[in-house]
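Structure, as structure tokens:
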Amino acid sequence: MKKAVYVFVLAALMTSAASAGNWWETIKVKGDLRYRHEMIKEDDADARNRHRLRARFGLFGDVSDNTKIGIQLATGSSDPVSTNQTLTGGFSSKSIVLDMAYFEMTNNKLPGFTLIGGKFHNPFFKAGSSELIWDSDWNPEGGTLHYDKDFTNGSLQLTGAGLWIEERSKDKNSYLTAGQGVLKFDLNEKKSSIALGGSYFYYGNAKEYAPFYDDGDAMGNTTMEMVDGSDTTTVYANGYELFEAFGQFTHHFDNIPVTVMGDFVSNSAADSLNSGWLVGFEIGKAKKVGSWALRYCYRNVEKDAVVGMYADSDFRGGGTDAKGHEIGGSVVLSENTVFSVSYFDNKIGLEAPTQEDFKRLQVDLQLKFK
């Protein structure tokens with residue numbers, strides 16, 4: 001049944017795109033495969049070693065001059081922040097899920113505006129690819145409206161979003177409303193650039209509701225027990241109303257870019273343990289064959305600074321209430337083939353009497369086609 005659905009969806013995409021011309025002229029096919037070896041070491045436990053795959057395949061086409069649609073399938077499960085598939089289960093077949101399905105519309109009478117709806121890439125700018133609030137694999141659902149305006153030596157980006165989190169038949173729905181503004185400036189004849197901005201994220205119906213996605217794991221956030229007759233439910237103890245401020249500065253030393261970034265977030269809906277921050281840098285850019293990049297960042301994320309379910313799933317094993325280092329590097333081995341190494345050295349439990357050590361090593365080979 002699932003295979004039939006996927007075939008139907010892909011056929012529908014091709015049929016719709018055909019109205020804009022020959023379908024092979026309007027459709028772009030993109031995909032990638034990542035093979036990862038991962039080692040995880042927690043406190044005094046034995047190290048855990050595993051191999052993981054991530055495969056993604058997408059079709060992106062023009063419905064008309066002003067409308068595009070995209071559909072992407074990926075390995076993994078329903079986890080909202082991971083499309084990894086662990087190699088286990090006695091050589092069993094692995095799952096394929098719908099990773100994205102969206103439309104993107106513009107209007108010639110409203111230059112600069114773009115409307116996106118469905119399940120799509122993260123629409124928010126992240127300074128230096130910061131994962132303080134959002135994991136890199138987080139693809140939200142709902143709608144966003146973007147406005148982009150270029151001016152001399154700079155640009156303005158505005159984003160508004162209404163996103164659905166949990167639909168409940170017998171209770172209120174949980175949702176996320178958000179707004180973000182980013183100013184970018186080019187300096188030194190475009191050898192340097194700076195981006196400054198801020199965001200507002202409001203989670204409706206979060207406090208006293210079960211943790212999102214996995215009601216048995218709040219991913220570091222503070223919870224409490226609610227009793228209703230003979231039923232006891234674990235729920236969020238706080239709401240989440242986030243204010244974010246960020247900055248990113250890049251300078252090119254000959255052909256080598258160096259980026260310094262900072263990201264700060266505060267949750268006004270919690271009275272304590274409600275802030276987080278990240279600082280870091282990146283040297284180089286792994287883009288052309290033989291090119292390379294090095295990356296380092298340090299972050300400190302208190303228990304209720306952000307919603308733990310959607311934060312970086314690699315840092316401290318996913319979630320909040322932790323601090324520590326992340327260091328990594330990449331090199332382009334050949335066309336569309338990148339070798340990467342990342343290492344996390346983190347402490348879990350900022351307010352606990354004793355902290356837990358968490359270390360993670362990831363060795364990746366990623367191959368793309370487009």
Side-chain angles (χ1 to χ4, degrees), residues 32 34 121-138 146 148-159 180-199 242-265 275-301 305-306 310-315 323-333 336-346 360 362-364 366 368:
D32 67 274
R34 184 179 69 195
H121 279 302
N122 186 345
F124 306 114
F125 177 84
K126 301 193 301 180
S129 301
S130 166
E131 295 182 84
L132 179 66
I133 301 178
W134 310 116
D135 183 89
S136 59
D137 285 332
W138 179 71
H146 302 264
D148 295 278
K149 176 67 174 180
D150 293 329
F151 50 86
T152 303
N153 295 323
S155 65
L156 170 67
Q157 298 177 1
L158 300 175
T159 300
Q180 183 183 77
V182 186
L183 275 171
K184 297 181 179 179
F185 302 96
D186 294 322
L187 310 170
N188 302 325
E189 298 180 346
K190 297 188 176 182
K191 291 181 181 179
S192 304
S193 64
I194 186 170
L196 300 171
S199 312
L242 312 183
F243 293 87
E244 180 191 22
F246 53 81
Q248 171 185 300
F249 176 76
T250 300
H251 180 74
H252 288 78
F253 294 90
D254 292 327
N255 294 322
I256 300 177
V258 176
T259 298
V260 179
M261 68 275 198
D263 199 357
F264 174 81
V265 64
S275 65
W277 55 270
L278 178 149
V279 293
F281 64 85
E282 184 174 27
I283 303 173
K285 194 73 173 178
K287 189 174 182 180
K288 298 181 180 180
V289 177
S291 62
W292 53 269
L294 295 175
R295 175 182 173 85
Y296 170 81
C297 70
Y298 183 91
R299 78 192 84 180
N300 184 302
V301 191
V306 300
Y310 304 129
D312 186 356
S313 61
D314 295 322
F315 172 75
K323 62 182 179 180
H325 310 270
E326 174 190 349
I327 185 169
S330 302
V331 60
V332 182
L333 300 179
N336 297 321
T337 303
V338 180
F339 176 78
S340 303
V341 177
S342 299
Y343 181 70
F344 295 81
D345 185 0
N346 309 143
R360 167 177 262 155
Q362 296 171 332
V363 181
D364 296 341
Q366 182 165 310
K368 299 181 180 180

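What you see below is based on every heavy atom in this structure, not just the backbone, and it leaves out hydrogens, waters and symmetry mates. Model, not experiment: these values are computed from the prediction.
- The heavy-atom pair separating Ser340 from Ser330 by the smallest distance is OG-OG, 2.9 Å.
- The aromatic rings of Phe249 and His251 sit parallel to each other, their planes meeting at less than 30°, with 60° as the upper class boundary.
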Please lay out, stage by stage, how Phe339 and Val363 fare under the test side-chain contact (heavy atoms from CB on, under 4.5 Å).
CA-CA 8 Å; Phe339 176 78; Val363 181; 3.6 Å; yes

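- Phe124 is not listed as a side-chain neighbour of Ser199, based on a closest heavy-atom distance of 4.5 Å or more.
- Note: Asp137 CG to Ser313 OG = 6.5 Å, rounded to the nearest 0.5 Å.
- No side-chain heavy atom of Val338 sits less than 4.5 Å from a side-chain heavy atom of Val331.
- Using a 4.5 Å heavy-atom threshold, the side chains of Val258 and Phe253 count as touching.
- Every residue was checked against the side chain to side chain donor-acceptor pair (under 3.5 Å) condition with Gln248, not counting sequence neighbours, and none meets it.
- Taken to the nearest 0.5 Å, the CG atom of Leu187 stands 7.0 Å off from the CD1 atom of Ile194.
- For the atom pair NZ (Lys184) and CG (Asn153), the distance works out to 14.5 Å, reported to the nearest 0.5 Å.
- Taking CZ of Phe315 as the start and CG of Leu132 as the end, the distance is 9.0 Å to the nearest 0.5 Å.
- Separation of atoms CZ (Phe264) and CG (Asn300) is listed at 10.5 Å; rounding is to 0.5 Å.
- For Phe151, the ring-ring contact (aromatic ring centres under 6.0 Å, His included) test picks out no residue, with sequence neighbours left out.
- Taking 4.0 Å as the cut-off between side-chain N and carboxylate O, Arg299 and Glu131 do not count as a salt-bridged pair.
- For Phe344, there are no ring-ring contact (aromatic ring centres under 6.0 Å, His included) partners at least two apart in sequence or on another chain.
- Taking every heavy atom of both residues into account, Gly329 and Leu294 meet most closely at CA-CD2, 4.1 Å.
- Looking at every heavy atom in both residues, Pro257 comes nearest to Thr250 through CB-CG2, 4.3 Å.
- Counting heavy atoms of neighbouring residues, nucleotides and ligands inside a 6.0 Å radius, atom NZ of Lys126 exceeds 12 of them.
- For Phe246, the ring-ring contact (aromatic ring centres under 6.0 Å, His included) partners two or more places apart in sequence, or in a different chain, are Phe125.
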Note to self: Using side-chain contact (heavy atoms from CB on, under 4.5 Å), reason through Gln180 and Leu158 one step at a time and then give a plain yes or no.
What the structure shows: CA-CA 6 Å; Gln180 183 183 77; Leu158 300 175; over 6 Å; no

Passes side-chain contact (heavy atoms from CB on, under 4.5 Å), Asp312 versus Glu326? Steps please.
-> CA-CA 11 Å; Asp312 186 356; Glu326 174 190 349; 4.3 Å; yes

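- When all heavy atoms are compared, the tightest approach of Gly262 to Ala127 is O-CB, 4.2 Å.
- In this view, Arg360 and Glu38, Asp314 satisfy the salt bridge (Lys or Arg N to Asp or Glu O under 4.0 Å) rule, not counting sequence neighbours.
- In plain terms, the two heavy atoms of Ala311 and Val306 that are nearest each other are CB-CG2, 4.2 Å.
- Sorted by first and then second residue, the pairs that involve residues 289-298 and meet side-chain hydrogen bond (donor to acceptor under 3.5 Å, both in side chains), not counting sequence neighbours, are Tyr296-His325.
- Residues Lys149 and Gln157 fail the side-chain proximity criterion, which asks for heavy atoms closer than 4.5 Å.
- Side-chain contact between Gln362 and Val341 is absent, with no heavy-atom pair separated by less than 4.5 Å.
- Between Leu242 and Val265, the closest heavy-atom pair is CB-CG2, 4.0 Å.
- Crowding of Asn188 atom CG: a count of heavy atoms from other residues, nucleotides or ligands under 6.0 Å exceeding 12.
- Note that the CH2 atom of Trp277 and the NZ atom of Lys323 stand 9.0 Å from one another [nearest 0.5 Å].
- Residues Val279 and Met261 are not in side-chain contact: their nearest non-hydrogen atoms beyond the backbone lie 4.5 Å or more apart.
- In the model, Ser193 has no side-chain atom that pairs as donor or acceptor with a side-chain atom of Asp186 under 3.5 Å.
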